[in-house]
Amino acid sequence: MKKLSCLLITFVLFGCSTAGAQSYHYLDCQWFIPSNFVEIEPGLYREKFEPDNPQWNMASIFFTTFNPATVTSSISESQETLVLKHPVDTDIQYYSSYIREGATADPLLVQELLLVKDDKAVSLFGLTKAESLALTANCADPVTISRHFDVFPQVVKDAEEFLATEHGFTVL
Amino acid sequence: MDSVLVLVGGSASSIFTAGRTSNKHDIAKRSVKDNSNYIDRVLAARLRLATLSEMERLASITPADFRSMLHMQGYDTARYDDRQLNRYISLEVLKLNKLAHQFLVGDFKNSQTPLIVSGTPAGSLGLAFKVLGPTVMAGFRPLGVSIWWDCSAGCKIDTVHFYDKSNVKVFKP
């Protein structure tokens with residue numbers, strides 16, 4: 001009876017610790033949504049609204065369909081976008097987009113990692129490296145995920161200098 | 001280099017008691033009347049609150065509702081998929097965040113009266129951007145916000161209109 005009570009308490013505590021943890025099943029995999037993201041609609045999660053937080057990035061996770069024609073689409077004349085396809089030979093393809101918006105001394109700099117399999121895609125827009133690795137822990141290659149974030153500061157510093165190196169990406 | 005005098009409040013919750021806290025009350029009253037440079041401080045706080053309110057609304061909009069909103073402004077967004085629309089929303093909200101920050105910094109730099117940071121000294125760092133007098137006043141007189149979009153090449157905010165019954169202010173983020 002005592003053992004049963006201990007077991008029951010353990011289950012309850014475990015349930016409490018995982019209560020509120022979100023996950024989403026997509027591409028035959030379970031994706032773990034970071035706790036600071038809220039569901040906007042099934043398949044779309046955005047970072048909780050915290051504009052006074054200097055780290056807040058209006059980040060979003062979007063499980064959606066893939067249209068190859070839109071991978072390299074730019075938004076406006078004031079925007080520069082660099083899109084790179086990662087040189088990996090897996091069933092998931094990885095596209096990194098690095099966006100500079102505004103020609104002022106203080107431009108907006110954001111990045112998007114797109115994971116594509118067949119006609120489906122997972123968009124990681126504005127996530128941090130830690131959030132991305134936690135989200136994709138079961139489903140994607142952590143080395144490729146990390147590389148997306150390692151390249152970002154190099155591109156921000158000097159995109160032309162980076163492109164002149166032997167980076168191995170396909171520039172789209 | 002600009003310098004701003006910051007008073008850190010004590011543990012008292014009311015600013016209307018005598019002594020040190022009555023000094024804060026006087027400063028709050030003076031700061032509301034401070035009409036420095038281009039926009040007075042209450043208007044700056046009203047603009048910032050209105051911008052934040054619109055940002056919060058857009059931060060929770062779905063791609064389908066965003067399409068409907070753009071359709072009402074005369075745009076056909078069929079050529080953009082949901083991922084693109086989500087990207088547009090995120091980027092434009094970040095631009096609004098910059099605008100809100102400009103309202104705050106403009107107020108911060110242009111004020112001639114000290115700012116008041118209410119709370120304990122330990123908590124003052126987290127409250128460094130709370131401006132007691134104008135923000136409290138601004139809360140009682142909210143501005144309306146209307147955003148006009150431009151979807152000719154991608155979708156971006158064209159202009160932001162802030163209005164009440166006697167004023168309209170237009171900004172391009």
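In what follows, chains carry the letters A, B, and so on, assigned in the order in which the sequence lines appear, proteins first and then strands, with residues in each chain numbered from 1.
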- Query: Do B:Leu91 and A:Met58 touch side chain to side chain, with heavy atoms closer than 4.5 Å?
  - Reply: no

- Query: With hydrophobic residues grouped by side-chain heavy-atom distances under 4.5 Å, do A:Phe66 and A:Leu84 end up in a single group?
  - Reply: no

- If Ile, Leu, Val, Met, Phe, Trp and Tyr residues are connected whenever their side-chain heavy atoms lie under 4.5 Å apart, and connections chain through other members, are A:Val38 and B:Ile61 in the same group? no

- Can you check whether B:Asp81 reaches A:Thr65 side chain to side chain, under 4.5 Å on heavy atoms? no

- If Ile, Leu, Val, Met, Phe, Trp and Tyr residues are connected whenever their side-chain heavy atoms lie under 4.5 Å apart, and connections chain through other members, are A:Leu113 and A:Leu27 in the same group? yes

- Message: Taking the side chain as everything from C-beta on, heavy atoms only, tell me whether A:Ser97 gets closer than 4.5 Å to B:Arg87.
- Response: yes

- State whether the number of non-hydrogen atoms from other residues, nucleotides or ligands found under 6.0 Å of B:His71 atom NE2 is greater than 12. no

- Query: Can you name the closest pair of heavy atoms from B:Lys98 and A:Leu108 and give their distance?
  - Reply: NZ-N, 4.2 Å

- Task: Indicate if B:Val93 and A:Val110 have the same hydrophobic cluster label, given that clusters are the connected sets of ILVMFWY residues with side-chain heavy-atom separations under 4.5 angstrom.
- Result: yes

- Is A:Glu112 salt-bridged to B:Arg83, going by a charged N under 4.0 Å from an acidic O? yes

- Message: Could you walk me through whether B:Asn97 and A:Trp56 satisfy the side-chain contact (heavy atoms from CB on, under 4.5 Å) test, starting with their C-alpha distance in whole Å, then the side-chain angles of each, then the deciding distance to 0.1 Å, before giving a yes or no?
- Response: CA-CA 10 Å; B:Asn97 197 26; A:Trp56 182 74; 3.9 Å; yes

- Item | Candidate pair A:Thr64 and B:Asp82, rule side chain to side chain donor-acceptor pair (under 3.5 Å), full reasoning | CA-CA 8 Å; A:Thr64 183; B:Asp82 283 354; 5.3 Å; no

- Contact residues of residues 118-126 of chain A (partner chain B; heavy-atom separation under 4.5 angstrom): A:Ser123, A:Phe125

- Item | chain B contact residues among residues 40-47 of chain A, heavy-atom distance under 4.5 Å | A:Ile40, A:Glu41, A:Leu44, A:Arg46

- Query: Mind checking whether A:Ile61 and B:Leu58 sit in one hydrophobic cluster, side chains of I, L, V, M, F, W, Y counted as touching below 4.5 Å?
  - Reply: no

- Message: Using a 4.5 Å heavy-atom cutoff, which residues in residues 73-80 of chain B come close to chain A?
- Response: none

- Item | Residues of residues 141-172 of chain A within contact distance of chain B, non-hydrogen under 4.5 Å | none

